[in-house]
Amino acid sequence: MNKEQLKRMGSGEGFIAALDQSGGSTPKALKAYGVPETAYSTDDEMFTLVHEMRTRVIKSPSFTSEYILGAILFENTMDRLIDDKYTADFLWEEKGIIPFLKVDKGLAEEAEGVQIMKPMPDLDQLLKRAVDHHIFGTKMRSVIKEANKEGIKKVVDQQFEVAMQIVKAGLMPIIEPEVDVYSEDKVESEELLKAEIKSHLDQLDEDTQVMLKLSIPTNAGLYTEFSEHPNVLRVVALSGGYSREEANEKLSKNKGLIASFSRALSQDLSADQTEEEFNKHLSDAIKSIYEASIAPK
């Protein structure tokens with residue numbers, strides 16, 4: 001593991017940009033960017049268009065390590081080039097931004113109020129490729145929709161089991177058990193989730209670290225103790241469908257949490273914007289998310 005990246009991720013100021021929309025969410029991301037489904041007819045054409053969008057974001061003068069610690073990529077993005085360099089190398093060597101990789105294969109059908117991750121039989125091979133591409137860490141997402149204790153336990157058990165596989169590969173896992181922000185029993189789900197996560201963290205070897213990516217809690221400060229846990233490198237927050245303004249406002253009240261936003265980062269960007277317009281909108285978004293991430297709590 002890159003020690004400079006480890007130190008920066010652990011103590012640097014800024015946030016993580018989530019640029020990891022994958023197969024199922026890519027058409028939606030392109031549509032929000034102003035690219036209709038009629039603009040492509042194959043998956044390769046679709047992924048080429050989304051890579052052009054991500055390249056535009058990454059190469060923007062607004063996308064800088066002054067505000068951004070890391071960026072999460074989709075596997076297809078990892079395998080593509082930006083200016084003759086693989087995306088992860090471009091991020092670190094040209095921008096000073098730490099590259100992460102989304103490794104999950106999507107969500108299973110809902111059961112017991114949750115959606116665990118689909119099986120990942122090829123994960124070891126993917127992790128090896130990630131190391132070869134100079135990826136620092138990984139991200140994997142589950143979803144909690146109801147305060148079902150057994151379901152939440154299954155989510156956290158699976159997340160930590162896969163995380164240990166990732167640690168063994170020499171990568172930093174971001175554990176992401178998302179709580180649906182529109183859940184009717186979100187507060188109870190968050191309390192159950194916190195207890196399960198703490199139980200697993202307390203069983204880790206002293207030299208094992210993970211990162212956590214969590215929905216912004218209803219009760220501010222709920223996850224602050226995780227940011228102080230010796231086995232946690234960093235706690236980051238997802239925007240979860242909130243607008244950027246709402247996500248920033250909620251995040252700013254949570255000590256120890258920094259942003260890892262996707263849609264909230266890109267919501268004002270459009271394919272038909274001039275470079276000046278595009279960079280201005282991106283700059284405004286980045287600066288506001290940065291301020292919410294470092295705000296005194």
task: Run the salt-bridge test on Asp157 and Lys153 with the 4.0 Å N-O cut-off and return the result as yes or no.
output: yes
statement: The reported gap from CD1 in Ile16 to CG in Leu238 (rounded to nearest 0.5 angstrom) is 11.5 Å
- prompt: Can you hop from Phe160 to Met140 via hydrophobic side chains spaced under 4.5 Å?
  reply: yes
field: Least distance between heavy atoms, Val103 atom then Met120 atom
entry: O-SD, 3.6 Å
- request: For residues Pro217 and Glu190, determine if any side-chain heavy atom of one lies less than 4.5 Å from a side-chain heavy atom of the other.
  value: yes
- prompt: Could you go step by step and tell me if Asn279 and Ser62 meet the side chain to side chain donor-acceptor pair (under 3.5 Å) rule?
  reply: CA-CA 6 Å; Asn279 292 332; Ser62 304; 4.6 Å; no
- request: Report yes if the side chains of Lys194 and Phe226 come closer than 4.5 Å at any heavy-atom pair, otherwise no.
  value: yes
message: Could you tell me if Lys95 sits above the aromatic ring of Phe90, with its cationic atom closer than 6.0 Å to the ring centre and no more than 45 degrees from the axis?
response: no
- request: Would you mind reporting whether Ile286 and Phe15 have side-chain heavy atoms less than 4.5 Å apart?
  value: yes
task: Give a yes or no on whether the backbone of Glu146 and the side-chain of Asp185 come within a donor-acceptor separation of less than 3.5 Å.
output: no
query: Quick one: does Asp180's side chain have a donor or acceptor within less than 3.5 Å of a partner on Tyr182's backbone?
result: yes
message: Closer than 3.5 angstrom, by distance alone: can the side chain of Ser243 be matched with the main-chain N or O of Glu246 as a donor-acceptor pair?
response: yes
- prompt: Above 12 or not: heavy atoms from other molecules or residues under 6.0 Å from OH of Tyr86?
  reply: no
Pairing of Asp202 and Lys198 as salt bridge, 4.0 angstrom limit: yes
query: Is the backbone N or O of Val187 less than 3.5 Å from a side-chain atom of Thr218, with the two atoms forming a donor-acceptor pair by type?
result: no
message: Any carboxylate oxygen within less than 4.0 angstrom of a Lys/Arg side-chain nitrogen, looking at Asp44 and Arg80?
response: yes
query: Does one hydrophobic cluster hold both Leu30 and Phe278, with members joined at side-chain heavy-atom distances below 4.5 Å?
result: yes
- prompt: Is there a donor-acceptor contact under 3.5 Å from the side chain of Ser65 to the main chain of Ile68?
  reply: no
- request: Give a yes or no on this: more than 12 heavy atoms of other residues, nucleotides or ligands lie within 6.0 Å of atom CG of Asp207.
  value: yes
query: Is there a donor-acceptor contact under 3.5 Å from the side chain of His229 to the main chain of Asn231?
result: yes
- request: For the pair Leu201 and Val210, evaluate side-chain contact (heavy atoms from CB on, under 4.5 Å) and give the outcome as yes or no after the intermediate values.
  value: CA-CA 9 Å; Leu201 288 175; Val210 300; 3.8 Å; yes
query: Atom OG of Ser215 and atom CD1 of Ile144: how far apart are they, to the nearest 0.5 Å?
result: 8.0 Å
query: Would you find a donor on one side and an acceptor on the other, under 3.5 Å apart, between the side chain of Asp205 and the backbone of Thr208?
result: no
field: Rounded distance (nearest 0.5 Å) linking atom OG1 of Thr77 with atom NE2 of His133
entry: 11.5 Å
message: Take a 6.0 Å sphere around CD of Glu161 and say whether it holds more than 12 heavy atoms from other residues, nucleotides or ligands.
response: no
statement: Taking every heavy atom of Ala88 against every heavy atom of Leu73, the minimum-distance pair comes out as N-CD1, 4.2 Å
message: Taking Tyr242's backbone N and O only, do any of them form a donor-acceptor pair with Ser239's side chain (distance below 3.5 Å, no angle check)?
response: no
message: Using side-chain heavy atoms (C-beta onward) and a distance below 4.5 Å, is Leu126 in contact with Leu101?
response: yes
Note: Glu275-Arg56 ion pair, threshold 4.0 Å (strictly below): yes
task: Apply side chain to side chain donor-acceptor pair (under 3.5 Å) to Glu228 and Thr224, showing your working.
output: CA-CA 7 Å; Glu228 300 163 353; Thr224 296; over 6 Å; no
query: Is the closest basic N to carboxylate O distance between Lys280 and Glu276 below 4.0 Å?
result: no
Residues Val236, Leu257; criterion side-chain contact (heavy atoms from CB on, under 4.5 Å); working and verdict: CA-CA 5 Å; Val236 303; Leu257 270 65; over 6 Å; no
- request: Tell me, with the steps shown, if Asp124 and Lys128 meet salt bridge (charged side-chain N to carboxylate O under 4.0 Å, His left out).
  value: CA-CA 6 Å; Asp124 282 334; Lys128 184 179 184 304; over 6 Å; no
task: Answer with yes or no whether the hydrophobic clustering places Val162 together with Leu214; edges join I, L, V, M, F, W, Y residues whose side-chain heavy atoms lie under 4.5 Å apart.
output: yes
query: What do you reckon, are the aromatic ring centroids of Phe74 and Phe47 less than 6.0 Å apart?
result: yes
query: Does any non-hydrogen side-chain atom of Ser227 lie less than 4.5 Å from one of Val235?
result: yes
- prompt: Hey, what do you get for OG1 (Thr48) to CG (Asn76), rounding to the nearest 0.5 Å?
  reply: 7.5 Å
Ring center gap for Phe100 and Phe136 short of 6.0 angstrom: yes
message: Whether Asp20 and Lys139 form a salt bridge (side-chain N of Lys/Arg under 4.0 Å from carboxylate O of Asp/Glu) is what I want to check.
response: yes
From CG (Asn254) to OG (Ser293), nearest 0.5 Å: 11.0 Å
message: Closer than 3.5 angstrom, by distance alone: can the side chain of Ser199 be matched with the main-chain N or O of Ala195 as a donor-acceptor pair?
response: no
task: Could you walk me through whether Met172 and Gln209 pass side-chain contact (heavy atoms from CB on, under 4.5 Å), step by step?
output: CA-CA 7 Å; Met172 175 62 62; Gln209 282 192 306; 4.1 Å; yes
query: Can any side-chain N or O of Asn148 pair as donor or acceptor with the backbone N or O of Gly151 at less than 3.5 Å?
result: yes
statement: The reported gap from CD1 in Ile116 to CD in Gln158 (rounded to nearest 0.5 angstrom) is 4.5 Å
- prompt: So Asp268 and Arg244, side-chain contact (heavy atoms from CB on, under 4.5 Å) or not? Walk me through it.
  reply: CA-CA 10 Å; Asp268 296 331; Arg244 181 169 61 247; 2.6 Å; yes
- prompt: Is atom CD of Glu184 surrounded by more than 12 heavy atoms (other residues, nucleotides or ligands) closer than 6.0 Å?
  reply: no
message: Salt bridge check, Lys105 against Glu75: does any charged N sit closer than 4.0 Å to a carboxylate O?
response: yes
- request: Taking side-chain hydrogen bond (donor to acceptor under 3.5 Å, both in side chains) as the test, write out the residues that go with Lys31, two or more places apart.
  value: none
query: Would you call Glu196 and Lys149 a salt bridge, using N to O less than 4.0 angstrom?
result: no
- prompt: Mind checking whether Leu19 and Leu265 have side chains closer than 4.5 Å, heavy atoms only?
  reply: yes
message: Please evaluate residues Gln115 and Ser142 with respect to the criterion side chain to side chain donor-acceptor pair (under 3.5 Å), reporting the C-alpha separation (whole Å), side-chain torsions for both, the decisive distance (0.1 Å), and the verdict.
response: CA-CA 6 Å; Gln115 288 181 276; Ser142 312; over 6 Å; no
message: Counting C-beta onward and ignoring hydrogens, is there a side-chain heavy-atom pair between Gln159 and Ile197 closer than 4.5 Å?
response: no
- request: Please determine if Glu178 and Lys213 form a salt bridge, counting it only when a charged side-chain N lies under 4.0 Å from a carboxylate O.
  value: no
message: Applying a strict under-4.5 Å side-chain criterion to I, L, V, M, F, W and Y, I'd like to know whether Met211 and Val179 cluster together.
response: no
message: Is the shortest side-chain heavy-atom distance between Thr87 and Ile58 below 4.5 Å?
response: yes
query: Applying the 4.5 Å side-chain criterion to the ILVMFWY set and letting contacts propagate, would Ile174 and Leu107 be lumped into a single cluster?
result: no
